[in-house]
Structures are given as C-alpha cells and as structure tokens.
Visitor: 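Dropping the structure in here first, questions after.
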Amino acid sequence: MNHIQFESFGPQNNWICGGYHDSNSTKTISVVSPYFDQEIASVPDSNIDDLEQAVNAAKKAFPGWSRLNIRDRAEIMYQFKTILEKNMDELAHLIALDNGKTIEDAKGSIIRGKEVVEFSTSLPSVLRGDSSQVANGITCTMTHEPLGVVAGITPFNFPAMVPLWMIPLAITTGNCFILKPSEQTPLSALKMAEYLKESGLPDGVFQVLNGSQKIVEGICDHPDIKAVAFVGSSTIAKIVYSRSTKVGKRALCLGGAKNHMIIVPDADLESTAKGVLASSMGSAGQRCMAASVAVGVANVNPIIEQLVEEAKNFILGVDMGTIISRPSLDRITSYINDAEKMGAKVLIDGRVSPPPKGYENGYWLGATILDGVDPEWPCAKEEIFGPVLSIIRTDTLENAMKIENNNPYGNAAAVFTTSGEVAKTISQASKSGMVGINIGVPVPREPYSFGGWNESKYGHGDITGKSGVEFWTNLKKVTARWPESEEAWKKYF
Ligand code: NAD
C-alpha cells in the first residue's frame, strides 16, 4: 500500500477574506485520522459571529467580483486548475489522512472534481448570452447574473470533490462563496482556499467556515445568503431544504442513496464481476454512487462465483481505505451481524480481513458479500455506507425492476447485460437520476450534470454541468428600443 505518513496539524482556523481568521468561538471539534485513530487537527466549532464575519467579507467582495468580466474570472479558474494539478500529491495526502481513502482513490476524486473546474473555464463561451430582434426596432438580450453571497455545505466522503462541484461554478458566475465543510474532513477545504488565493482570487470571494449544526442552521436562516447547496445524508438534506426555502432561499440539497445493480445471466462474466465489485467496494462503499444491492435475475451463479473470487483478492489499504469513524464501523458491522442472524449467507466476510501492517488501530472493514438477502431486510433497504454488497435473487426482470423502483431513493441504478433490449427497458423504467449500462458507478462526466431523483435530492435541477450554472444564477432579460432615424438609414445603407 501507499505509505500514509501520520501528521499532526494542530488547531486550524476559518478562512475569511483571503486569510486564516481566529474564530469567536471557544469550542473546537477534533479531527481524527481513521488510519491511526488519533487526532490530527482541531477546527473551530464556529458561532453566529463567525458566520456574520464571513457573510460581511463576501458582501464586501461581491460588487467588485461580480463586475469583473467573466473571462478574467474564468482565467483564475484556469490558474486554479494548474495549481490543483501541481499539488495533487499534497491534496491527496490530506484527503487520505482525514478521510481514510487510499492515495489512488483520493487522486481519482480530485481529478473528478477538477473536471468541474475545467468546465468553469469554458463559461465565457457557455454564458455568452442570447440576443435577438424580437420586434421591429426592439432587441431582447438575456444574460446569467450572479445571486450575491451563496453557500455550500458538504459531507465527509469526498472532502475535495464535492466542494469542487460547487465552488468553480458559483464563483465563476460572479458569486461570493461560503463553504461549510464536513467537520470530520475539513483539511482539504482549507488547503483549496490557499490554492484559490494563489490563483489570484480576490479576498472575500471564498470563505471556509468550520463548524457543525449551528452554522448550517445559521446559513439556512441568513437573509444575506441567497442560495445554499447541500450534499449529505437525506435526513439532513431534507431539513436544510425546508429550513432554507421557508425563508425564500434557493436550495438544492443532494441526499443519500440505495443503488441497485440488476444482473442478467447474459452479462459478460469478467467485466460484470469487476464492475459490481468496484461499485460496491470502491471508497470502502462510502459514496452515494456505490451500488450496495445486486439483484440477480434467474441463474447468475457463474457471475456471483467470479465476483467472490475477485473479492477474495481485495487487500485493505490497497484496494480500499478505511471507514470514516469508529461509530460508523460499528454501525456497518451491525448490519452484517443482523443480516447473518436473519439467514443471509456470508460469501465473503470483511469482519475478519486483516488490517494493513502499521495501521492496526485504523477503522478497517474488508469487502463483505451477503447472499440470499430478502428485499425487506434492513441491509437491503437502508443506506449502509460501507463495503457491504447484498445479493437478492429473483426470477424475472420485472420483479428485479420492482425491487429497484420500490426503494425511496433515486440516485443511481445499473444493469449488466449484453442485450440491448434489456438495457433499454431498464434504463427507461428506472426511477433513478443516473443509470449505468454495464457501468456500476454511472457518474456523468462534465458537462453532463450530476444529480439523483426522489429522496436522493430535494430541490430542482442538478449540481454540476449547465444545470449547476442555472442554480447559481438569475436570468436577466433586457428588452430595448432605440429611436430609429430615417435619415441615418438613408445616409448609411
Ligand atoms: P451528513 O448529512 O451527516 O453531513 C453533511 C453535512 O451536514 C456536514 O457538513 C455536517 O456538518 C452537516 N450536518 C450534520 N448533521 C447536521 C444537522 N443535524 N443539522 C445541520 N447540519 C448537519 O452526511 P455525511 O455523513 O457527512 O455524508 C454521508 C452522506 O452523504 C451519505 O448519506 C451519502 O449518500 C451522502 N452523499 C450524497 C451525495 C450525492 O451526490 N447525493 C454525495 C456524497 C455524499
């Protein structure tokens, strides 16, 4: 495995108006590395005075930033992209340390986030505006205008990528941004603030406010914050959405997931086994795009056997990192224990996987595969958010679709088949926002937008791509009539 060096960063601050800023709060939150079960930093549990300072800094920066032409704003994003690339090792190390990802996984997540930065550099072309003559002598022009001060609240599982879904589009369109990162994984957000400053971003355009529930509630309620994007569990997504929209704020809140993969007997053996495993176990199952239920239609035993063979070769610390915390590890393990008691067959048992040498104190759980799972059991219905795959057996494609569509979430679904007809039927019938055909993690690449349906999202639109641009802007329509002079026509034409 890649060597993860223990490092202690001590007390961290907020980032306000282009620099580190002491908090007004005396309360702190401990940041623990899941590789070592040891504190690596602490961040302020910020209070409402801190929020006020962040909002004031953003408000002060807004007139100048929003007036700057979009080419110059996009140029800063171009510099930011280069700095992200140059510092990939540094950022990946921070993500590995506070989140528990492998270095390779952490780098993959930065690369995915960087795609949104790249897309934001194309905004001068994408947002060039529409204009046409709508009546004799009358022209209508439509432009995307920034909202003002806006905010993003992000989860632990992608400490750099999820903020990167929001920051580039929000600020390139002319807004000033306040990020409230997960208190479990705040280190890369602060590092990205330094990179943005180095890229030439004016002070006050970007703030990082550390904290927990109080700050989230303050963001929802604040009259000067015009929009809030949230990514996290469905329970909190729903709370943030209703609290923000109640005061007239624009909100887009992405929640949790329970994604299914339908496997039919004609599926390609090797690539299906690899795809199913990568989807369920990648990032130790801690991603909203992880498919944690495989629905096998009729006899898919050869594929399951191949899957088990592949899973046996999974090495902790190489193929997957740690679980985020001890309570999460205990919660995930209890899903496995309960399913076993209910009669599931444990084909691969991650509870007994050996931890990597030198990291024995970490929160490890190996790849786990449960067979013969009933669709009504908790492991089949609830978001486990760990490296646990539940296999449900069924006879028909129709039943498989029912199982998939009965779940209240709607983030992603996948089908593994060599039949075009089956693939088409599933993708049309699925009630998920993102569908994979022979792809277990169907994350749309930019500029196609990211976002689920149903209980996986509260609010309209998606978080990235053109849809993200629409979220962070208002449309302005200017209709103009200029006096026309007959004389000028005669003279010049
Ligand atoms: P979480 O909901 O616990 O936390 C997300 C954010 O909400 C954090 O910044 C946290 O500080 C804040 N928060 C937590 N409790 C709060 C409360 N009571 N009131 C106000 N704010 C609160 O999520 P998490 O555990 O950090 O992340 C995992 C979850 O995120 C999973 O459910 C996963 O599916 C989801 N997720 C979804 C997507 C997506 O695109 N749909 C992407 C990544 C993660």
Side-chain angles (χ1 to χ4, degrees), residues 29 31 34 43-46 51 98-101 109 112-113 116 151-166 178-186 188-189 208-221 228-244 251-259 279 282-292 323-325 327-329 331-332 382-386 407-413 432-434 441-444 449-459 461-465 467-468:
I29 303 170
V31 181
V43 289
D45 194 1
S46 302
L51 176 62
D98 69 7
N99 171 282
K101 285 187 195 301
S109 74
R112 280 301 173 95
V116 186
I153 300 157
T154 52
F156 81 81
N157 65 327
F158 283 99
M161 185 187 82
V162 173
L164 288 174
W165 285 351
M166 304 172 182
I178 297 169
L179 174 67
K180 206 302 278 174
S182 165
E183 58 274 47
Q184 291 175 288
T185 56
S188 35
V208 179
L209 201 55
N210 290 293
S212 51
Q213 180 172 354
K214 218 178 318 118
I215 285 301
V216 173
E217 290 171 354
I219 288 173
C220 297
D221 297 343
V228 58
F230 171 94
V231 178
S233 60
S234 288
T235 311
I236 311 298
K238 209 170 178 174
I239 292 171
V240 169
Y241 182 77
S242 51
R243 193 161 176 144
S244 303
L252 178 60
C253 301
L254 273 54
K258 189 74 183 172
N259 307 318
S279 177
S283 293
Q286 298 168 110
R287 55 183 173 191
C288 66
M289 293 299 278
S292 56
I323 303 303
I324 184 66
S325 65
S328 291
L329 177 60
R331 187 182 50 77
I332 300 163
E382 294 164 18
E383 183 177 39
I384 300 178
F385 226 54
N407 95 86
Y409 297 103
N411 217 37
S432 292
M434 295 171 278
V441 187
V443 176
S449 59
F450 186 100
W453 290 1
N454 306 325
E455 301 273 322
S456 293
K457 187 179 70 185
Y458 300 90
D462 286 342
I463 193 99
T464 67
S467 194

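First listed ligand is number 1; within each ligand, the first listed atom is number 1.
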Visitor: What's the shortest heavy-atom distance between Y241 and G459, and which atoms?
Guide: CE1-CA, 3.4 Å

Visitor: Identify the protein heavy atom lying closest to atom 7 (O) of ligand 1, giving its residue, its atom name and the separation to 0.1 Å.
Guide: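 Answer, as residue, atom name and distance: F230 CE1, 3.3 Å.
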
Visitor: Would you check if the side chain of S182 reaches a backbone N or O of Q184 as a donor-acceptor pair within less than 3.5 Å?
Guide: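 Pair found, side chain donor or acceptor close to backbone of Q184.
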
Visitor: Give a yes/no verdict on whether any heavy atom in G452 is under 4.0 Å from an atom of ligand 1.
Guide: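 No, that is not the case, since the closest heavy atom of the residue is not under 4.0 Å from the ligand.
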
Visitor: Do S212 and ligand 1 have an N or O pair less than 3.5 Å apart?
Guide: no

Visitor: So between G256, P181, P155, G255, whose heavy atom ends up nearest atom 37 (C) of ligand 1?
Guide: G255

Visitor: Please give me the minimum heavy-atom distance between A257 and N411, naming the atom from each residue.
Guide: CB-CB, 3.6 Å

Visitor: Among S328, S233, C253, whose heavy atom sits nearest atom 3 (O) of ligand 1?
Guide: S233

Visitor: Which heavy atom in S46 sits nearest to a heavy atom in N210, and how many Å separate them?
Guide: OG-O, 2.5 Å

Visitor: Among all protein heavy atoms in this structure, tell me which lies nearest to atom 14 (C) of ligand 1, with the distance rounded to 0.1 Å.
Guide: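 Here the closest protein heavy atom is I236 CG1, 4.2 Å.
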
Visitor: Give the atoms of ligand 1, by number and element, whose distance to some non-hydrogen atom of F450 is under 4.0 Å.
Guide: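 Counting from 1, the qualifying ligand atoms are 40 (O).
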
Visitor: Around atom 10 (C) of ligand 1, find the nearest protein heavy atom and jot down its residue, atom name and distance.
Guide: E183 OE1, 3.5 Å

Visitor: Do any N/O atoms on T154 end up under 3.5 angstrom from N/O atoms on ligand 1?
Guide: yes

Visitor: Is the closest heavy atom of W165 to ligand 1 under 4.0 Å?
Guide: yes

Visitor: Taking atom 41 (N) of ligand 1 as the reference point, report whether a protein heavy atom occurs under 4.0 Å from it.
Guide: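 Under 4.0 Å from atom 41 (N) of ligand 1, at least one protein heavy atom found.
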
Visitor: Look only at interatomic distance and state if G232 has a nitrogen or oxygen under 3.5 Å from any nitrogen or oxygen of ligand 1.
Guide: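 So ligand 1 has an N or O lying under 3.5 Å from an N or O of G232.
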
Visitor: With sequence neighbours left out, what residues match T464 under side chain to side chain donor-acceptor pair (under 3.5 Å)?
Guide: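 Partners of T464 by the side chain to side chain donor-acceptor pair (under 3.5 Å) criterion, ordered by chain and then number, come out as E446.
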
Visitor: For K180, run the side chain to side chain contact (heavy atoms under 4.5 Å, CB included) check against T154, I153, L51 and tell me which one passes.
Guide: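 Exactly one pass, corresponding to I153.
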
Visitor: Among all protein heavy atoms in this structure, tell me which lies nearest to atom 26 (O) of ligand 1, with the distance rounded to 0.1 Å.
Guide: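 Residue, atom and distance for the closest contact: F156 N, 3.0 Å.
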
Visitor: Does the N or O separation between C288 and ligand 1 drop below 3.5 Å for any pair?
Guide: no

Visitor: Give the atoms of ligand 1, by number and element, whose distance to some non-hydrogen atom of V216 is under 4.0 Å.
Guide: 20 (C), 21 (N)

Visitor: Compute the minimum heavy-atom distance from F385 to ligand 1 and say whether it is under 4.0 Å.
Guide: yes

Visitor: Who are the side-chain contact (heavy atoms from CB on, under 4.5 Å) partners of K238, not counting sequence neighbours?
Guide: E455, Y458

Visitor: Heavy atoms only: give me the nearest L209-P181 pair and the separation to one decimal.
Guide: O-CD, 3.5 Å

Visitor: So which heavy atom in the protein is nearest atom 32 (O) of ligand 1, and how far is it from that ligand atom?
Guide: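 Looking only at protein heavy atoms, the one closest to atom 32 (O) of ligand 1 is E383 OE1, 2.7 Å.
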
Visitor: Any chance the side chains of S467 and D462 put a donor and an acceptor closer than 3.5 Å?
Guide: no

Visitor: If we set the cut-off at 4.0 Å for heavy atoms, which region of N157 has an atom near ligand 1: side chain, backbone, both, or neither?
Guide: side chain

Visitor: T185 and side chain to side chain contact (heavy atoms under 4.5 Å, CB included): which single residue from V31, I324, V162 fits?
Guide: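 Single side chain to side chain contact (heavy atoms under 4.5 Å, CB included) partner of T185 among V31, I324, V162: I324.
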
Visitor: With no hydrogens and no angle check, is any side-chain donor or acceptor of N259 less than 3.5 Å from a backbone partner on C288?
Guide: yes

Visitor: Which heavy-atom pair separates N454 from Y409 by the least distance, and what is that distance?
Guide: ND2-O, 3.7 Å

Visitor: Return the closest protein heavy atom for atom 19 (N) of ligand 1 as residue, atom name and distance.
Guide: Q213 CG, 3.4 Å

Visitor: Is there a polar contact between ligand 1 and K180, counting only N or O atoms under 3.5 Å apart?
Guide: yes

